[in-house]
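Both backbone and side-chain heavy atoms feed into the values below; hydrogens, waters and symmetry mates do not. Order of appearance sets the numbers: ligands from 1, and atoms from 1 within every ligand. In this text, all values refer to a predicted model and were calculated from it rather than measured experimentally.
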Amino acid sequence: MAIKEQPKLPRFRIVANILLAISGLFLLLNIFLPGLFGSNPTGVPYSLFIHQVQEGEVNRVSVGQSQIIYQLKTESGQPGQVFATTPIFDLELPKLLEQKGVEFAAAPPPKNTWFTTLLSWVVPPLIFIAVWQFFISRGGGSQGVLSIGKSKAKVYVEGESAKITFQDVAGVEEAKTELVEIVDFLKTPGRFTQIGARIPKGVLLVGPPGTGKTLLAKAVAGEAGVPFFSISGSEFVELFVGVGSSRVRDLFEQAKKQAPCIVFIDELDAIGKSRSSNGFYGGNDEREQTLNQLLTEMDGFAAGDATVIVLAATNRPESLDPALLRPGRFDRQVLVDRPDLSGREAILKIHAQKVKLGDDVNLKAIATRTPGFAGADLANLVNEAALLAARNQRQTVAQEDFAEAIERVVAGLEKKSRVLSDTEKKIVAYHEVGHAMVGALTTGNGRVEKISIIPRGMAALGYTLQLPTEDRFLMNEGELRGQIATLLGGRSAEEIVFGSITTGASNDLQRATDLAERMVTTYGMSKVLGPLAYQQGQQAAFLGNGAPNPRRMVSEDTAKAIDSEVKEIVETAHEQALQILTQNRDLLEAIATQLLETEVIEGEKLHSLLNQVQPITAS
Ligand code: ADP
Ligand code: MG
Ligand code: ZN
């Protein structure tokens with residue numbers, strides 16, 4: 001695919017800049033070196049001038065508005081020395097001069113040469129233009145003033161270089177099926193119009209970031225072999241009101257000329273935000289106008305018109321203006337979701353083609369360990385693994401490189417440089433073993449695969465790596481409670497062993513409390529509060545000032561009840577964790593001691609240790 005950019009219009013800009021430079025230079029010369037253009041008398045203070053007048057030393061004075069120039073008397077009658085001073089507002093001066101018999105006159109008004117006149121007319125507008133250009137170029141454009149309204153769309157036209165097809169996209173089979181139809185529309189519109197079917201105008205790709213929306217749009221263009229105009233929603237939003245909408249107009253004008261073709265608007269939410277919920281500064285006129293223009297354009301091309309299909313992508317469909325989703329606009333929505341197990345394997349396969357894989361690599365196993373990863377994450381994972389292999393001087397990428405890469409993505413980079421004191425290390429070790437042991441007994445966490453007291457990532461001093469054994473889309477109450485207990489396992493171990501608590505558990509507590517709150521306010525899992533959603537939907541979640549207001553308006557009693565339910569859930573989980581750890585105290589000591597020695601326990605060894613954890617017996 002070749003990328004063609006719109007032709008630029010640089011000539012005006014160059015001329016303007018040269019003019020600006022020249023006039024600036026003259027201006028500087030004029031200000032700092034006025035002597036170049038005339039005699040340059042020595043400046044003296046006004047008081048000295050008055051003194052000299054009073055002493056009768058002054059011969060002649062020329063009084064100007066901004067300068068007084070005077071000449072001293074000499075014995076010989078020769079022209080004397082000339083001085084200059086800056087006048088103050090002094091009405092007595094003429095009287096004084098007359099008294100002393102000094103010859104004086106007003107200076108002639110400064111003669112405006114053609115040159116200074118020209119300067120005063122030319123310089124200010126040029127400065128204005130320069131400032132203007134500065135702002136425009138900051139706005140992200142490489143184009144000159146005159147092309148301000150032109151669309152910045154990149155046009156991908158099918159060409160020599162690698163073209164993207166559906167082969168390059170995996171794990172989003174439903175989306176592909178829907179889009180194959182769009183390809184058919186573009187290739188053979190006649191087949192559809194002949195029976196009177198209306199060809200859809202707008203298709204909205206909806207899904208989390210990195211799931212391949214942009215990639216899919218390019219693949220549609222590649223498959224259909226039609227031109228592909230691509231622009232990002234954020235590029236429409238400009239400094240100047242009205243620019244965005246004229247860009248939209250230009251874009252569609254060009255597209256219609258090239259039909260059949262695809263217009264792809266990435267990040268549609270940047271312009272398509274609901275007009276009622278707009279946030280800062282009491283509304284954004286520019287965005288609204290751009291949006292209106294887009295709606296007009298989409299309504300504009302009628303059935304008989306050339307086939308222009310508008311694809312758009314967003315990860316925040318709930319924030320879009322409902323007007324965008326009406327029939328005849330983006331009435332088709334295609335969900336591009338995170339891939340499932342087999343999807344992840346397929347995506348890994350695509351990206352693994354680019355690297356040399358070792359014989360031991362098992363893509364399926366990697367896919368199993370990466371639930372929740374989007375396509376972009378998987379692409380990144382393959383690259384990380386390849387980088388690690390290269391760093392380890394390997395010729396091919398091995399399975400262990402992938403394992404390390406996953407860990408990097410999940411837990412962050414290892415920080416060998418952070419040195420913990422022995423006491424800290426001990427606390428961290430018990431803390432992590434606490435997580436692991438509670439995690440081993442409760443469901444909903446996945447399997448504990450590794451505990452480590454080597455610092456890694458943003459905050460972790462040590463960490464417990466739990467990897468799911470299967471994809472989970474639903475969690476039940478028991479599993480959520482299990483997760484909360486596991487999060488509190490670290491702190492509980494500290495309590496039991498050291499009798500005191502450190503600051504290390506703050507992140508655990510944060511997550512546990514969040515989870516408990518969600519159980520109560522979003523999932524309706526509290527018996528007291530019932531199956532009500534106390535969290536507001538995203539649409540209404542933004543007030544006029546743009547600040548999120550996640551909780552519905554509730555009465556004071558309800559708020560109290562929510563708080564006490566959340567507290568109850570967390571405390572019950574805490575109790576459970578404490579019980580598990582007290583009843584398995586010996587094992588806790590044993591594993592922690594071992595962890596302190598080896599710093600990392602993982603794999604089979606860890607599994608066999610954790611299998612020894614005894615469930616709570618009623619006491
Ligand atoms: P989005 O637009 O949804 O945020 P992108 O299309 O920009 O995501 O994806 C970024 C990159 O991630 C792609 O260029 C591709 O390399 C990879 N990728 C994402 N999803 C997939 C997928 N489903 N199949 C293959 N590669 C993918
Ligand atoms: Mg994208
Ligand atoms: Zn912890």
Practice problem: Evaluate the criterion side-chain hydrogen bond (donor to acceptor under 3.5 Å, both in side chains) for residue pair E477 and Y523; output intermediate values, then yes/no. | Solution: CA-CA 9 Å; E477 188 186 334; Y523 307 140; over 6 Å; no
Quiz item: Can the ring centroids of F229 and F264 be said to lie less than 6.0 angstrom from one another?
Solution: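 No, the ring centres sit 6.0 Å or more apart.
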Quiz item: Any donor-acceptor pair under 3.5 Å linking the side chain of K176 with the backbone of V169?
Solution: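 The answer is yes, because a donor-acceptor pair under 3.5 Å joins these two groups.
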Exercise. Without swapping roles, check the side chain of D250 against the backbone of R247 for a donor-acceptor pair under 3.5 Å.
Key: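 Not at all, since once roles are kept as given, no pair shorter than 3.5 Å links the two residues.
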Self-check item: Verdict with reasoning, T513 to E517, per side-chain hydrogen bond (donor to acceptor under 3.5 Å, both in side chains)
Solution: CA-CA 6 Å; T513 315; E517 179 160 340; over 6 Å; no
Quiz prompt | Identified salt bridge (charged side-chain N to carboxylate O under 4.0 Å, His left out) partner of R369 from the options E345, E407, E449 | solution =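 Only one option passes, and that is E449.
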Quiz item: Would a 4.5 Å heavy-atom cut-off, applied to side chains only, mark V203 and E178 as touching?
Solution: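 Of all side-chain heavy-atom pairs linking E178 with V203, none is under 4.5 Å.
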Self-check item: D508/R491 salt bridge by N-O under 4.0 Å criterion
Solution: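 Answer for the salt bridge query: no.
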Exercise. Would you mind checking if K187 and E223 are paired as a salt bridge, meaning a charged N to carboxylate O distance below 4.0 Å?
Key: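 No salt bridge links E223 with K187.
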Quiz item: Could you walk me through whether T214 and D266 pass the side-chain hydrogen bond (donor to acceptor under 3.5 Å, both in side chains) check?
Solution: CA-CA 7 Å; T214 309; D266 212 345; 3.0 Å; yes
Quiz item: Does the shortest distance from the Zn ion (ligand 3) to an N/O/S atom of E432 fall below 2.8 Å?
Solution: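 E432 does not place any N, O or S atom closer than 2.8 Å to the Zn ion (ligand 3).
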Quiz item: Looking at D508, which of its N, O or S atoms is the nearest one to the Zn ion (ligand 3)?
Solution: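 Within D508, restricted to N, O or S, the Zn ion (ligand 3) is closest to atom OD2.
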Once you restrict both partners to nitrogen or oxygen, which atoms of ligand 1 have a protein partner under 3.5 Å, and how far apart are they?
from: ligand 1; atom 1: 2 (O); to: T214; atom 2: N; distance (Å): 3.0
from: ligand 1; atom 1: 2 (O); to: T214; atom 2: OG1; distance (Å): 2.6
from: ligand 1; atom 1: 3 (O); to: T211; atom 2: N; distance (Å): 3.3
from: ligand 1; atom 1: 3 (O); to: G212; atom 2: N; distance (Å): 3.0
from: ligand 1; atom 1: 3 (O); to: K213; atom 2: N; distance (Å): 2.8
from: ligand 1; atom 1: 3 (O); to: K213; atom 2: NZ; distance (Å): 2.8
from: ligand 1; atom 1: 4 (O); to: G210; atom 2: N; distance (Å): 2.7
from: ligand 1; atom 1: 6 (O); to: T214; atom 2: N; distance (Å): 3.3
from: ligand 1; atom 1: 6 (O); to: L215; atom 2: N; distance (Å): 2.9
from: ligand 1; atom 1: 8 (O); to: G212; atom 2: N; distance (Å): 3.3
from: ligand 1; atom 1: 20 (N); to: T211; atom 2: O; distance (Å): 3.2
from: ligand 1; atom 1: 20 (N); to: G212; atom 2: N; distance (Å): 3.3
from: ligand 1; atom 1: 23 (N); to: A170; atom 2: O; distance (Å): 2.7
from: ligand 1; atom 1: 24 (N); to: A170; atom 2: N; distance (Å): 3.1
from: ligand 1; atom 1: 26 (N); to: H351; atom 2: NE2; distance (Å): 2.9

Quiz item: Which protein N, O or S atoms does the Mg ion (ligand 2) have within a distance shorter than 2.8 Å?
Solution: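 Hits for the Mg ion (ligand 2) below 2.8 Å: T214 OG1.
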